[in-house]
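All remarks here apply to the structure that follows.
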Amino acid sequence: MTTLRVDLDLATTDPSASARVHVGYALSGSRVAGVVVHGTGRVEVLSLEVGQWRRELEGRLRLPAPARVRPAPACLLELPWDLLVGTAAALSGRRPEVYDELVARDAGAVRADGTVLDLGATHQQLRRLHHGVQARLQAVGSGGRRGRLRVGLASWLLFGDGWRELAPYAGRSALGRPRAMVRVESRRPADLAALVARWAVEVRA
C-alpha cells in the first residue's frame, strides 16, 4: 500500500523548555501511526484517524511563549540565500567585520514587504531574523511503497509574532545573473497541515 511518511524536527531556543522533539508519522489508508521522541528521551506512540491528524500537527506548532520576546522581522522578507547563510555564520562566529562586509556588499538586494531596503534597514531586518528566533521546524515528506521518494521539505522559524517559512526560489542579481534567493514569509500552524495534505495527494496520485 502506498504510504506517506512525515518527519518533524522541532527545536526551541528557550532553555526552560524541552530542547528538541522528533515526530515521525506514517499515513496508511485512513490511519496515521506516530512516534514522538522527546529530547529528554521520553517516547510516545500515537494512533490517529486521518481527521485527527490536522489538529495533531497544528498542536505541535503551538508552543508556550518564552520569557523574553525579541522583535520579529518583516512579515515578508526576500534576500539572497548566501547572504542569509553568511551573516548567520559571521554572527555565530563573532566576526562583526565579516557580517558588515557581507551586508554592505548586498546593499539593495533585500526587500521587506515588497520594498527595497537601505543599508540601515537591511541591518535591522537581518539582526531580527538571526536573533529573534524562538524555535525551528524542519518537516520532510516522503512517499512510495518504501518511502524512498521525497515529496517535500519545509523549514520554518518561530518569532514573537508567529512562524515564518524559509522558501528558496530562483532570482536574479543586480547584473541579471541567476542567483539563489529565499523568501521568509509568515505562516500559521494550520498551513503545516495543509502542506502535509498536499504531500498526501502527491503520493497517492
Side-chain angles (χ1 to χ4, degrees), residues 6-14 19-22 61 63 66 68-142 149-189 191-192 194-196 198-199 202:
V6 176
D7 288 283
L8 302 184
D9 281 295
L10 183 62
T12 68
T13 57
D14 187 347
R20 183 177 293 276
V21 175
H22 174 83
L61 300 191
L63 303 178
R68 181 183 179 188
V69 177
R70 298 192 178 198
C75 292
L76 175 58
L77 195 63
E78 297 172 275
L79 67 158
W81 181 259
D82 58 325
L83 177 62
L84 173 66
V85 175
T87 52
L91 289 173
S92 64
R94 300 184 186 278
R95 297 291 304 273
E97 76 285 359
V98 175
Y99 168 85
D100 288 339
E101 173 62 27
L102 291 173
V103 178
R105 187 178 65 186
D106 274 322
V110 179
R111 293 175 178 267
D113 298 325
T115 301
V116 177
L117 301 183
D118 61 20
L119 186 60
T122 298
H123 275 290
Q124 180 190 62
Q125 290 298 322
L126 281 170
R127 291 187 180 278
R128 288 184 175 188
L129 180 60
H130 292 307
H131 294 311
V133 177
Q134 299 174 11
R136 293 176 172 84
L137 167 74
Q138 184 175 74
V140 179
S142 55
L149 176 64
R150 176 179 288 184
V151 294
L153 171 66
S155 295
W156 291 18
L157 302 175
L158 179 63
F159 296 92
D161 63 348
W163 288 95
R164 304 286 197 284
E165 180 181 11
L166 301 179
Y169 68 96
R172 293 281 177 180
S173 69
L175 299 177
R177 297 172 182 167
R179 188 172 191 185
M181 302 287 289
V182 61
R183 183 178 293 108
V184 187
E185 191 170 10
S186 292
R187 290 288 181 262
R188 303 168 301 157
D191 292 331
L192 178 61
L195 177 61
V196 169
R198 291 198 295 273
W199 291 348
E202 290 182 30

(request) Taking D191 for its side chain and R188 for its backbone only, find out whether a donor-acceptor pair lies under 3.5 Å. (result) yes

(request) Drop me the distance from L91's CG to R127's CZ, to the nearest 0.5 angstrom. (result) 5.5 Å

(request) Give a yes or no answer on whether the side chain of R164 reaches the backbone of P73 with a donor-acceptor pair at less than 3.5 Å. (result) yes

(request) With the side chain counted from C-beta on, respond yes when L79 and V184 share a heavy-atom pair under 4.5 Å apart, and no when they do not. (result) yes

(request) Give, for atom CG of L166 and atom CG of L137, the distance between the pair rounded to the nearest 0.5 Å. (result) 10.5 Å

(request) Please examine the side chains of W163 and L192, heavy atoms only from C-beta on, and report whether any two atoms are closer than 4.5 Å. (result) no

(message) Just so I know, are the side chains of R136 and D9 near enough to count as touching, which here means a heavy-atom distance under 4.5 Å?
(response) no

(request) Measure the shortest side-chain to side-chain distance between L119 and V103 over non-hydrogen atoms and say whether it is less than 4.5 angstrom. (result) yes

(message) Treating T13 as the side-chain partner and V133 as the backbone partner, does any N or O pair qualify as donor plus acceptor under 3.5 Å?
(response) yes

(message) So, applying side chain to side chain contact (heavy atoms under 4.5 Å, CB included) with Q134, which one of L157, L63, V69 is it?
(response) V69

(message) A side-chain contact here means heavy atoms from C-beta on lying under 4.5 Å apart; do H123 and D100 qualify?
(response) yes

(message) Tell me whether Q125 contacts the main-chain N or O of A74 through its side chain, where contact means a donor paired with an acceptor under 3.5 Å.
(response) yes

(message) Does the structure place the NZ or CZ of R128 under 6.0 Å from the centre of the six-membered ring of F159, at an angle of no more than 45° from the ring's axis?
(response) no

